[in-house]
A.B. asks: 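First the structure, which I've put down as structure tokens, then a few questions once you've had a look.
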Amino acid sequence: MKVGDRVRVKESVVVYHHPEHRGKAFDLKGSEGEIVEIVTQWQGRPVSANLPFLIQFSKKFKAHLRENELEVI
């Protein structure tokens, strides 16, 4: 996977920061978005992020996910 790829969430991932469902559980399974960043560095130093893929689902909603939770469309 690389920046710009369209992806779909293939596993159940519950988030609480979705702008349309703020404060309530929202399952991302089946949602589609685009990879906008793969976190490998922070302030110029290499890091091993637990959730390295930043996915843009809509104009107002992004989420960090793992590679095994995603599939390329």
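Bear in mind the structure is a predicted one, so any value in this text is a computation, not a measurement.
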A.B. asks: Could you report the tightest heavy-atom contact between L28 and V9, atom names first, then the distance?
C.D. replies: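 Minimum heavy-atom separation between L28 and V9: O-CB, 3.4 Å.
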A.B. asks: For the residue pair H17 and F61, what are the closest heavy atoms and their distance?
C.D. replies: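 For H17 versus F61, the nearest heavy atoms are NE2-CE1, 3.4 Å.
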A.B. asks: Using the rule that Ile, Leu, Val, Met, Phe, Trp and Tyr join whenever any side-chain heavy atoms are under 4.5 Å apart, tell me whether L54 and V7 fall into a single cluster.
C.D. replies: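 No, no single cluster joins them.
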A.B. asks: Do V36 and I55 come within less than 4.5 Å of each other through their side chains, counting heavy atoms only?
C.D. replies: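 No. Closest side-chain heavy atoms not under 4.5 Å.
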A.B. asks: Is there any salt bridge (charged side-chain N to carboxylate O under 4.0 Å, His left out) pair reaching into residues 45-63, and which pairs are they, with sequence neighbours excluded?
C.D. replies: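 Matches after skipping sequence neighbours: none remain.
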A.B. asks: Could you note down all residue pairs passing side chain to side chain donor-acceptor pair (under 3.5 Å) where residues 26-39 supplies at least one of them, sequence neighbours left out?
C.D. replies: R8-E32, S12-D27
A.B. asks: Treat each ILVMFWY residue as a node, draw an edge where side-chain heavy atoms are under 4.5 Å apart, and state whether F53 and V39 are in one component.
C.D. replies: no
A.B. asks: If Ile, Leu, Val, Met, Phe, Trp and Tyr residues are connected whenever their side-chain heavy atoms lie under 4.5 Å apart, and connections chain through other members, are I38 and V13 in the same group?
C.D. replies: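 The answer is yes; both residues are in one hydrophobic cluster.
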A.B. asks: Report the distance from atom CE of M1 to atom CZ of R6, rounding to the nearest 0.5 Å.
C.D. replies: 14.0 Å
A.B. asks: Please tell me whether F57 and V72 are part of a single hydrophobic cluster in this structure, the criterion being side-chain heavy atoms less than 4.5 Å apart.
C.D. replies: yes
A.B. asks: Is there a side-chain contact between L51 and L65 (heavy atoms, below 4.5 Å)?
C.D. replies: no
A.B. asks: Quick check for you: to the nearest 0.5 Å, what is the distance between I35 atom CD1 and L70 atom CG?
C.D. replies: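 So the gap between those two atoms works out to 6.5 Å.
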A.B. asks: For H21, enumerate each residue passing the ring pair (Phe, Tyr, Trp, His ring centres under 6.0 Å) test, keeping only those at least two apart in sequence or located in another chain.
C.D. replies: H18, F26
